[in-house]
Amino acid sequence: QVQLVETGGGLVQAGGSLRLSCAASGRTFINYRVGWFRQAPGKERECVAAMSRSGGLTYLPSSVKGRFTISRDNTKNTVYLQMNTLKPEDTAVYYCAAGFSLTALSDSDGYEYWGQGTQVTVSS
């Protein structure tokens with residue numbers, strides 16, 4: 001079992017930045033792929049960033065490419081999501097996820113463990 005806890009969400013003005021952190025406990029983090037997903041009211045959950053176990057592969061959709069960066073520190077069992085130039089449409093609950101699957105990095109079904117989510121609100 002892996003427990004994931006996200007921190008770093010909050011209210012920020014458009015154009016601002018936030019860094020989300022996801023701390024894992026229970027098992028070593030190095031064996032898992034990691035991802036960040038978000039879900040806005042009335043919308044489906046979508047992947048905004050993901051990284052393979054080795055860190056050699058990353059996924060960033062076009063909606064966030066150039067603005068969001070995913071990174072991981074396996075020594076601290078932590079994954080980060082740096083979000084710059086935030087837009088009101090980035091407002092959502094952001095979830096950290098980890099898993100073993102070999103499906104596409106963006107596939108939410110490929111993640112077995114999920115955090116409780118952290119709210120990000122971007123005001124215009």
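Residues: numbered from 1 along the sequence shown.
- Once rounded to the nearest 0.5 Å, the distance linking CH2 of W114 with SG of C96 reads 9.0 Å.
- Taking the six-membered ring where tryptophan is involved, the planes of Y111 and F37 are perpendicular, since the angle between them exceeds 60° and thus also 30°.
- Atom-to-atom distance recorded for K87:NZ and S124:OG is 14.0 Å, nearest 0.5 angstrom.
- With rounding to the nearest 0.5 angstrom, the CG atom of N77 is 11.0 Å from the CD atom of Q3.
- Taking the ring centre of Y95 as origin, the terminal cationic atom of R45 falls inside the region bounded by 6.0 Å and 45° from the ring axis.
- Tracing side-chain contacts under 4.5 Å through hydrophobic residues (I, L, V, M, F, W, Y), one reaches V48 starting from I70; they form part of the same cluster.
- Nearest approach of A49 to P61, heavy atoms of both residues: N-CD, 4.5 Å.
- Summarising the geometry, atom OG1 belonging to T118 is positioned 11.0 Å from atom CG belonging to L81; distances are rounded to the nearest 0.5 Å.
- Counting heavy atoms of neighbouring residues, nucleotides and ligands inside a 6.0 Å radius, atom CD1 of I30 does not exceed 12 of them.
- Contact between R53 and N31 at its shortest, heavy atoms only, is CD-O, 2.6 Å.
- Here the closest heavy-atom approach between residue V2 and residue Y32 is recorded as CG2-OH, 3.2 Å.
- Rounded to the nearest 0.5 angstrom, K65 NZ and L60 CG are separated by 6.5 Å.
- Within the model, atoms CZ of R67 and CG of N84 stand 9.0 Å from one another, a figure rounded to the nearest 0.5 Å.
- Here the rule is side-chain contact (heavy atoms from CB on, under 4.5 Å) with F68, and of L20, T85, L86 only L86 fits it.
- Not one N or O on the side chain of Q13 forms a donor-acceptor pair closer than 3.5 Å with the backbone of S123.
- Annotation for A50 and L105: closest pair CB-O, 3.6 Å, computed over non-hydrogen atoms.
- Smallest separation of non-hydrogen atoms from A40 and A92: N-CB, 3.8 Å.
- With Q82 contributing its side chain and T69 its backbone, the two residues share no donor-acceptor pair below 3.5 Å.
- The backbone N or O of Y94 sits nowhere less than 3.5 Å from a side-chain atom of Q39 that would complete a donor-acceptor pair.
- Among all heavy-atom pairs drawn from R38 and D90, the shortest one is NH1-OD1, 2.8 Å.
- In terms of modelled atom types and a separation under 3.5 Å, the side chain of T121 and the main chain of L11 share no donor-acceptor contact.
- Under the 6.0 Å distance and 45° angle rule, R33 does not count as a cation-pi partner of F100.
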The test is side chain to side chain donor-acceptor pair (under 3.5 Å); show your working for D73 and T78 and say whether it passes. CA-CA 5 Å; D73 185 340; T78 301; over 6 Å; no

